[in-house]
There are 2 protein chains.
Amino acid sequence: MNMTKKILRANDLRPTKQRVLIGDYLFDGIDKHVTAESLFKKLLNEKRGVSLATVYNTLHEFCKKELLNKITIDTDKVYFDTNISSHHHFFSDKEKLLLDIRSQDVIISSMPVAPKGKKIKKVELIIHLED
Amino acid sequence: MNMTKKILRANDLRPTKQRVLIGDYLFDGIDKHVTAESLFKKLLNEKRGVSLATVYNTLHEFCKKELLNKITIDTDKVYFDTNISSHHHFFSDKEKLLLDIRSQDVIISSMPVAPKGKKIKKVELIIHLED
DNA sequence: ATCTCAGTTTAGAATTATTCTAAAGTATTG
DNA sequence: CAATACTTTAGAATAATTCTAAACTGAGAT
Ligand SMILES: [Mn+2]
Ligand SMILES: [Mn+2]
Ligand SMILES: [Zn+2]
Ligand SMILES: [Zn+2]
């Protein structure tokens, strides 16, 4: 059976045509950073179209199931990362380009304790680049 | 002379009523994280109003002059930080609350080199919180 | 003080990523 | 197949921000 279908079933998501198409692209083993818009455009080329609403729905569902990581780095576009292992990013504000930093290249040797009543959910290091 | 006026003149910004009003609030020595909307509402209480467009204009000008730091942490609101010394943040996604981390509480002991042709402009560490 | 003009403010329109709505379509189960 | 819960979708709505262009104002020159 198609790998994407297995992933979907394992996560209680019905393997619809649209989800399989999106999953086949996102879970092909190649790390990607996509936006709703970039993914939507990519899928327009495919035989079967997927509506923009479905692209948004699916990205959010995949995030909820932790099949993707959401990266909020830019105020007017959300990025979704297919690399769900812990790693950090370079971001070029001018080109709006997001690049992975290999996890061994960053060492955070001291971390603050969370404020009372809160837990640390995620640590996001963003290195903003310029020319 | 009013302190804000001095700051404005030193940065080639005409000390207009609106800028002085905004500056008096932002540069009173108390560290603040504001959004355009929160600042706009705060100023409505004052004797003299400032338009929302001017709030945006002024925040951006102050950023350009490095009197403020822009923090892009949430996709639907930009935060401006009056604490322009190097420091990091906690962010509670649920309450959209931004908290300073004392700079001595984070030690980044290893940093990657910037991609060819790029320089590091800013290092932003965001610790996302949950309950 | 008045003049002049570049710099500034402003209301309202435009933009744009995202979310919402509700109607039509589909996968799954019995 | 039939029933139903889940899913997709077009298009409308939302909301932060930016843009436009007209009115206003601060500051230097006269
Ligand atoms: Mn926007
Ligand atoms: Mn938005
Ligand atoms: Zn990544
Ligand atoms: Zn701060």
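We name chains A, B, ... by the order of the sequence lines, and we start the count at 1 in each one. What you are looking at is a predicted structure, and each value in this text was computed from that prediction instead of being measured.
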Answer yes or no on whether Lys32(B) is positioned over the face of Tyr79(B), meaning its NZ or CZ is under 6.0 Å from the six-membered ring centre and within 45° of the axis. no
Nearest-Å distance, [atom1] ([X]) to [atom2] ([N])?
X: Glu61(A); N: dC6(D); atom1: CD; atom2: P; value: 12 Å
X: Asn57(A); N: dT19(C); atom1: CG; atom2: P; value: 9 Å
X: Phe40(B); N: dA11(C); atom1: CZ; atom2: C1'; value: 11 Å
X: Asp12(B); N: dA6(C); atom1: CG; atom2: C1'; value: 14 Å
X: Phe62(A); N: dT7(D); atom1: CZ; atom2: P; value: 11 Å
X: Asp76(B); N: dT17(D); atom1: CG; atom2: P; value: 8 Å
X: Asp74(A); N: dT18(C); atom1: CG; atom2: C1'; value: 14 Å
X: Leu59(B); N: dT17(D); atom1: CG; atom2: C1'; value: 12 Å

Glu130(B) and Lys122(A) ion-paired at < 4.0 Å: no
His128(A) and Glu124(B): side-chain donor and acceptor closer than 3.5 Å? yes
Using only heavy-atom distances, determine whether the side chains of Asn83(A) and His33(A) contain a donor-acceptor pair under 3.5 Å. no
Picking from dT8(D), dT17(D), dC20(C), which would you name as closest to the side chain of Ala53(A)? dC20(C)
Of the candidate nucleotides dA16(D), dA10(D), dT18(C), which contains the atom at the shortest distance from the side chain of Lys77(B)? dA16(D)
Cluster question for you: counting only ILVMFWY and a side-chain heavy-atom cut-off of under 4.5 Å, with indirect links fine, are Ile120(B) and Ile73(A) together? no
Please confirm whether the shortest side-chain N or O distance from [X] to OP1 or OP2 of [N] is below 4.0 Å.
X: Gln18(A); N: dT9(D); value: yes
X: Tyr56(A); N: dT19(C); value: no
X: His60(B); N: dT18(D); value: yes

With a 4.5 Å limit on heavy-atom distance, are the side chains of Leu8(A) and Phe62(A) in contact? yes
Give me the bend of the helix from dA1(C)-dT30(D) to dG30(C)-dC1(D), using the axes of the five pairs at each end, rounded to 10°. 20°
Got a sec: does the NZ of Lys64(B) have more than 12 other heavy atoms crowding it under 6.0 Å? no
Pairs flagged by salt bridge (Lys or Arg N to Asp or Glu O under 4.0 Å) wherever residues 85-98 of chain A is involved - sequence neighbours left out: Asp74(A)-Lys96(A), Asp76(A)-Lys96(A), Asp93(A)-Lys121(B), Lys94(A)-Asp131(A), Glu95(A)-Lys118(B)
Restricting to nitrogen or oxygen on both sides, can you table the protein-nucleotides 25-30 of chain C pairs closer than 3.5 Å?
unit_1: dA27(C); atom_1: N3; unit_2: Arg14(A); atom_2: NH1; d: 3.3
unit_1: dT28(C); atom_1: OP1; unit_2: Arg9(A); atom_2: NH1; d: 2.8

Centroid-centroid under 6.0 Å between Tyr56(A) and Phe80(A) rings: no
